[in-house]
Enquirer: 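The structure is given below, and queries will be raised subsequently.
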Amino acid sequence: MAPTRREFAWGALACAAFNGPGRAAIPDTQRVGASGIDLKSMDRSVAPGDDFFRYVNGAWLRDTPIPSDRGRWVEFTRLDDLNSQRNRAILEAAASSPRTPEEIKLGDFYASLMDENGIEKHGLASLKPELARVAAVTSPADLARALAQLSWDALPALLGGASAMPASPAASNVVVDIKNPTRYLPILTQGGIGLPDRDYFLIENNPGFAKARAAYRAHLAAMFRLAGMDDVEARAARVYALEERLAHSHWTRVELRDPAKRYNLFAHTELAAKFPGLDWDVFLQAVGFGQLPTILVGEPSAIAGMAAAAREVQLADWRDYLAYRVMRGFALAAPKAIVAEHFAFEDKTLAGTPELPARWKRAGAIMDRAMGHAVGRIYLASYFPPAIRARADAMTRNIKLAMAKRIRGLPWMADVTKARALAKLQAVRIEIGGQQPQRTYEKLTVARDDAYGNVLRAARVDYQHNLDKLGTPVDQGEWQLVPQTVNAQANPVMQKIMFPAGIMQGLFFNPNADAAVNYGAIGVVMGHELSHHFDDQGAKFDEHGALNNWWTPDDLAHFTAATEALAKQYDGYEPLPGMHINGHLTLGENAADLAGLALALDAYRTSLNGKPGPVLDGFTAEQRFFIGYAQVYRSLSREDYMRQALATDPHSPGEWRSAEIRNVDAWYASFAVKPGQKTYLEPDQRVKIW
Ligand SMILES: [Zn+2]
């Protein structure tokens, strides 16, 4: 259905944002003018054509300290901090005066994590049985069972994003079958190393990686010491060697992006022959895949490497490896000394963060993972008024229409491919706010005096929740994000894009601001997510969400050449001395930003209905569109955080996301950018995909 004129009436609606019915109304106090531009953050002494990022954000970059409990400071993390204050109010209210059985659980769980004295007094008591369990591994069957348990005991890294590593070296999970999206499949994937990526173990000539390797060895020894174990240096050396061996067989982050290469179906009975070394019967039974005829294997050579290590590495080394894995999970709800050691390595060494976040922030982050949909139910009622949802709804519909128009107008695409692309676009559903209905937690048992037990039980309930999907029809409503998450997501297999309530605020979306800046900010995010269904990987899925090539060879060749040009452009950027952006790791995200800019600008122009956009704060409408885009991606990173992001994050750092405007002709026109200026690209060097 075509959107009506009324849906574009931005300025006039009175906004009820942040005055919802809940008890936890904490407003975002950031103030910007009616143009939506944060004027005092700009640096007008910089020419837009020389450095647009600093022209828009220069004063902010100069005057803003990175908070001491953060490795980077961007609009995502600023809003995450704001939401964590709201979550705190929600959780404290649940702990002191719960209204429903679910709020009792929320409150008791949170109170258990906040009970610093209780946790300190309890010491290692609840860790001991877990350590005893892995110390009793004396046979290949025991090892298989203990490796399986790692998948049961790990809370999914809802907040860790794409760079999070599964806890187990053979991580089991349940996914939608990408070749037959009406059913679920069990999957095994690589994981289980304690540095952020194989590169950290294997790349010799990066001083930052070398520093992290040395710190990891020291950290392993420190954790063993804290667990009361002896001979800690030797144990650390052996665990390090085992992980380094696993890292050798791990796939690279670029290889992990290719869904076709990661689709390897094996008969249950084949695994033992294809991947010898692990007691597969015991392992598959223990992960809950015992009765299943076929198993998907994400990275066969990595699983083969893990299985060979199961046989060839002595059990004593595996016992220490498992003990460290247990300690790492325990650190979420442990006495101070263990929390401090965990933080010193994970956040200080690997991300440069100077200070441990406040206890309530850490507890809130765990609650987001353990019972995030229950927190989200209250968050939605308190912070997501219907008017915001309606606006977001209207904008996404306009972006979708813009995409249809772009596809129809592509000069290089054959009609037959266009018809498939349009059918695929039509099938994409747009969901805003949070999963409906929200997930509930009836099966979770919570005890107010058992923090670690609560964390383990939440992880196991979550894993069972996934196992229970096998054999059932695919739940089309499911989200991986919770409503308070400051992010958005595209799922080409489920054929939908999702915008949690958490991102519909701040510089992304300002209900009191003029439309241009909102289209440049959240509008580009919407176009970004929609276009993920058509990025270098998303484009491999057809109009039914199945991995199936629908392109003519000529069209595919053109599309691939255009995306390769973008990869090459990003390979040229060097955020840290000697460390470039990986153009192929970030290709999907960079392509999505480029498409998002084109789609959101089209949609904004359509929304004007033939009239010129207003001039506000001295900026034309299209200038504000681009400023809105660049101010959303203002970002400050500590060096260690940046190194980790460059190695693992499929998104380019904010400064280079904002550099995408170099490919957009309208940006040159808006700011009269001339040849010779530093960011100028000749027209034939500007990448165009859609
Ligand atoms: Zn993306």
Side-chain angles (χ1 to χ4, degrees), residues 123-154 165-172 188 190-195 201 213 216-250 275-287 302-332 334 337-338 341-342 345-346 452 455-456 459-460:
L124 302 183
S126 50
L127 175 69
K128 288 264 162 69
E130 294 299 313
L131 287 178
R133 179 175 58 76
V134 298
V137 167
T138 49
S139 70
D142 292 343
L143 176 60
R145 245 185 310 273
L147 289 171
Q149 191 64 32
L150 292 175
S151 285
W152 284 92
D153 288 350
M165 171 91 60
S168 167
S172 49
L188 297 175
Q190 71 181 32
I193 57 176
L195 285 165
F201 285 95
R213 285 194 286 270
Y216 186 40
R217 285 195 181 92
H219 167 65
L220 287 166
M223 289 293 259
F224 290 137
R225 201 171 291 119
L226 287 165
M229 297 164 83
D230 59 7
D231 208 10
V232 296
E233 304 291 344
R235 288 180 199 268
R238 291 197 301 262
V239 172
Y240 185 89
L242 171 49
E243 291 199 11
E244 189 181 48
R245 175 182 170 140
L246 294 173
H248 272 285
S249 65
H250 269 209
F275 310 114
L278 184 70
D279 188 331
W280 283 101
D281 280 343
V282 169
F283 179 84
L284 292 172
Q285 197 66 41
V287 293
I303 297 303
M306 176 280 308
R311 183 180 53 200
E312 291 163 15
V313 175
Q314 55 176 342
L315 285 174
D317 298 7
W318 279 110
R319 282 193 291 269
D320 290 333
Y321 171 87
L322 292 163
Y324 173 64
R325 298 269 125 199
V326 166
M327 291 286 289
R328 197 177 161 139
F330 180 61
L332 293 174
I338 292 173
E341 174 56 35
H342 179 77
F345 174 67
E346 296 281 339
Y452 181 50
V455 169
L456 280 186
R460 291 168 189 176

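In this text, all values refer to a predicted model and were calculated from it rather than measured experimentally. Scope of the values below: all heavy atoms of this structure, side chains included, with no hydrogens, waters or symmetry mates.
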Enquirer: Side chains of Phe345 and Leu195: closer than 4.5 Å at any heavy-atom pair?
Expert: yes
Enquirer: Determine the minimum heavy-atom distance between Ala221 and Ala236, stating which atoms define it.
Expert: N-CB, 3.6 Å
Enquirer: Would you confirm whether Glu243, through its side chain, and Gly194, through its main-chain N or O, come within 3.5 Å as a donor-acceptor pair?
Expert: yes
Enquirer: Which value, rounded to the nearest 0.5 Å, describes the distance between Asp320 atom CG and Met229 atom CE?
Expert: 5.0 Å
Enquirer: Can you list every pair that meets ring pair (Phe, Tyr, Trp, His ring centres under 6.0 Å) and has a residue in residues 125-144, with sequence neighbours left out?
Expert: none
Enquirer: Using atom types as modelled and distance alone, determine if a side-chain donor or acceptor of Tyr321 lies under 3.5 Å from a backbone N or O of Gly192.
Expert: yes
Enquirer: Quick one: pull up CZ in Arg133 and CG in Leu322 and give me the separation to the nearest 0.5 Å.
Expert: 8.0 Å
Enquirer: With a 4.0 Å cut-off on N to O distance, would you call Glu244 and Arg217 a salt bridge?
Expert: no
Enquirer: Is it true that a side-chain atom of Trp152 and a backbone atom of Ala286 form a donor plus acceptor pair closer than 3.5 Å?
Expert: yes
Enquirer: How long is the gap from OH on Tyr324 to CZ on Arg235, to the nearest 0.5 Å?
Expert: 15.5 Å
Enquirer: Using only atom types and a distance under 3.5 Å, with no angle test, would you say the side chain of Ser126 pairs donor to acceptor with the backbone of Tyr452?
Expert: no
Enquirer: With heavy-atom distances below 4.5 Å as the criterion, would you say the side chains of Val239 and Phe224 are in contact?
Expert: yes
Enquirer: With heavy-atom distances below 4.5 Å as the criterion, would you say the side chains of Leu188 and Phe283 are in contact?
Expert: yes
Enquirer: Show me the donor-acceptor pairs, under 3.5 Å and distance only, between side chains in residues 302-315 and residues at least two apart or in other chains.
Expert:
unit_1, atom_1, unit_2, atom_2, d
Glu312, OE1, Arg245, NH1, 3.3
Glu312, OE1, Arg245, NH2, 2.6
Gln314, NE2, Asp317, OD1, 3.3

Enquirer: Which atom names give the shortest non-hydrogen contact between Ala227 and Met327, and what distance separates them?
Expert: CB-SD, 3.6 Å
Enquirer: Please work out whether the ring planes of Tyr216 and Phe201 are parallel, tilted or perpendicular, with thresholds of 30° and 60°.
Expert: perpendicular
Enquirer: Is any side-chain heavy atom of Asp279 closer than 4.5 Å to a side-chain heavy atom of Leu143?
Expert: no
Enquirer: What are the two closest non-hydrogen atoms of Met165 and Ile193, and how far apart are they?
Expert: CE-CG1, 3.6 Å
Enquirer: Is there a donor-acceptor pair closer than 3.5 Å between any side-chain N or O of Arg319 and the backbone N or O of Val137?
Expert: yes
Enquirer: I need the minimum non-hydrogen distance between Ala125 and Pro129, along with the two atoms involved.
Expert: O-CD, 3.1 Å
Enquirer: So, for Trp318 and Leu147, which heavy atoms are closest and what is the spacing to 0.1 Å?
Expert: CZ3-CD2, 3.9 Å
Enquirer: With a 4.5 Å cut-off on side-chain heavy atoms, are Val134 and Arg325 touching?
Expert: no
Enquirer: Output yes when a side-chain donor or acceptor of His219 lies under 3.5 Å from a complementary backbone atom of His342, and no otherwise.
Expert: no
Enquirer: Which atoms form the tightest heavy-atom contact between Ala144 and Val282, and what is the distance?
Expert: CB-CG1, 3.9 Å
